Every structure is written in structure tokens, then in C-alpha cells.
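Owing to the predicted nature of the structure, the values given are computational and were not obtained by experimental measurement. A note on names: the letters A, B, ... follow the listed sequences, proteins ahead of strands, and every chain is numbered from 1. Heavy-atom basis, side chains included; hydrogens, waters and symmetry copies ignored.
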Amino acid sequence: MAHLNRRFFRREPVALAKALLGRTLVRVLDDGTRLAGRIVETEAYLGSEDRAAHSYGGRRTARNESMYLDAGHAYVYFTYGMHWCMNVVAERPGVPTACLLRAIEPLEGLDLMRAHRQRHAETDLCSGPAKLAQALRIDRSLDGVDLVTDSRLFLERGRAIAAQRIAVASRIGVGYAGDWALRPLRFYIAGNPHVSRAAPSGGPRI
DNA sequence: CATCAGATCTGCT
DNA sequence: GCAGATCTGATGG
């Protein structure tokens, strides 16, 4: 199966966040082992104006440098002193917008994911941004890689999710961002058991 | 089920 | 110093 190409990634972050759902995230380890999962949850980060984004106000630091790369590059950052999280850069060079991959549904290499995570339940392997990074062994060594051409980390076509099956909610863990915390910028496949968190309590249950 | 402390790196004050 | 795009195990109802 071929890598998704540059054209796929080169769109504004909300469109990309939705387009990423249903696609296959692939991680190939040094020994050739292939780990893969279907993207089921994403968040869009809108760049300089987005108070929740690492690039808010045009900030450019050693950590977020990858956000300024061309669409289709990986922005992998370290947070809370423990965890790695992976984003897919959107739009074009110099425009620091990206989509956080929040959850995937494990497809290939589950036993190794279980070993990496020290967890057994399938729904606890990749149901969170730091969980999926740990399961797929994604860390600083993959920050800034080009997902269009890299052989260790890339995306495959999978199958797009129809608009009516995409649930929309506010982003997780950005309460500090004022009005931006309430914006509908989290997207997930409705009813999917591998999503990191269900819809806000009171929401419809599938 | 809800809340909470602790793990302890990065960037800003 | 402190808060953060998180997760885990412990504690209480």
C-alpha cells in the first residue's frame, strides 16, 4: 500500500483533521516489524491565533519547530515530563497548523503494542495521544520526519469516514485557552470504542 | 464513577 | 517558579 501524498496533507487543519479519520497510521521498527492502526480521533490546532496551539502568537521554539515545516511532516513533542504526542502538520511551509492524533484502533502488531504499553486490553493500547505514541514507539527520533517519504512512519489510504459518522466536540486538556477551549475542533468516529474519551456527559450514546 | 497526586521535561515569567 | 495538547494507581462515594 502506498504512502498518502503531499496533496492529501496540504489543506487547512479542520479539513485535514476530518480527512485523517479512517486512514492507517503505520510505524515500521528498525527490525522491520510493522505496527499499524486506524485513526479514530483527531484534533485541529489552528496556528498563531489559536490560544491552545503551541504556535500561538507565532511562538517558534526548539520544541515546535516542526510545526513550521511543509504539510505532511510529523510534529512529535514531549509533555508533562513523561509523554510523547504526534501531530500531522497541515497547510504549507511557515504556517504552523497541525492535527494531533488522539487515538487509533490497533490493526497490526498488537502483541508488541501490548509489550510497549504493559497493558493487555485492546481498547487501552492506543486510546490517547501519549498511549498511541508509546504503543508505536514514537519519540523525538521521529520529530520532523516527512510522512510522505519516510519508511519508519507514514500514512496509508485506509478508508475515509463519511461526514455523518464524524462526531465533533471540544478539545481535551486545553481549559487554559479561554474561548478557544470551547471551539468544536475535536473529531472522532462516532461510537468507536478506541476513542480516548466519550462525548461530554449527557451526549448521545451509541 | 469522580477526584487527585505524582511522574519530572519544556517554555515562559 | 509554575503550568502544561497526559496517564496511572490510589482513594472515596
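Within 4.0 Å (heavy atoms only), A:Ala62 reaches sugar-phosphate atoms of the nucleic acid but no base atom. Counting any heavy atom pair closer than 4.0 Å across all strands shown, A:Tyr80 reaches a base atom. A:Arg140 comes within 4.0 angstrom of the backbone, heavy atoms only, and of no base. Among the heavy atoms of the strands lying under 4.0 Å from A:Arg119 are primed sugar atoms or P, OP1, OP2 only; no base atom is included. In this structure, A:Met67 reaches the bases: a heavy-atom distance under 4.0 Å links it to at least one base atom across the strands shown. Backbone-only contact: A:Ala130 has heavy atoms under 4.0 Å from sugar-phosphate atoms and none from a base.
Ionic pairing of A:Asp146 and A:Arg6 is present here: one or more N-O contacts between side-chain nitrogen and carboxylate oxygen are shorter than 4.0 angstrom. The pair A:Arg171-A:Asp50 meets the salt-bridge criterion, since a charged nitrogen lies less than 4.0 angstrom from a carboxylate oxygen.
Between A:Arg171 and C:dT6 there is no side-chain N or O to OP1 or OP2 distance below 4.0 Å. Listed pair A:Arg63 / B:dC9 fails the phosphate criterion, with no side-chain N or O lying under 4.0 Å from OP1 or OP2. When the side-chain nitrogen and oxygen atoms of A:Arg117 are compared with OP1 and OP2 of C:dT8, one or more of them lie within a distance under 4.0 Å.
Atoms CZ (A:Phe78) and C1' (B:dG11) sit 14 Å apart, rounded to a whole Å. Separating the CZ atom of A:Arg51 from the C1' atom of B:dC12 is a distance of 15 Å, rounded to the nearest angstrom. The interatomic distance linking A:His54 (NE2) with B:dT10 (P) rounds to 13 Å, in whole Å. Look at CG on A:Leu125: it is 10 Å from P on C:dT8, rounded to the nearest Å. Regarding A:Trp84, its CH2 atom lies at a distance of 10 Å from the C1' atom of B:dT10, rounded to whole Å. Atom CZ of A:Arg59 and atom P of C:dG4 are 12 Å apart (whole Å). Between A:Asn87 atom CG and C:dT6 atom C1' the separation is 14 Å, expressed in whole Å. Atom CG of A:Asp143 and atom C1' of B:dT10 are 13 Å apart (whole Å).
Tested against A:Ile104 for a side chain to side chain contact (heavy atoms under 4.5 Å, CB included), the candidates A:Val40, A:Leu125, A:Leu136 yield a single pass: A:Leu136.
Of the listed nucleotides (C:dT6, C:dT8, B:dG11), B:dG11 has the atom at the smallest distance from the side chain of A:Thr61.
Aromatic rings of A:His83 and A:Phe78 (six-membered ring for Trp) have centroids beyond the 6.0 Å cut-off, not under it.
Nearer to the 5' terminus of DNA chain C, by closest-nucleotide assignment, is the contact made by A:Leu100 (compared with the other of A:Lys131 and A:Leu100).
With a cut-off of 3.5 Å on both Watson-Crick or G-U wobble distances, the partner of B:dT8 is given as none.
Atom CZ of A:Arg165 sits about 9.5 Å away from atom CG of A:Leu21, to the nearest 0.5 Å.
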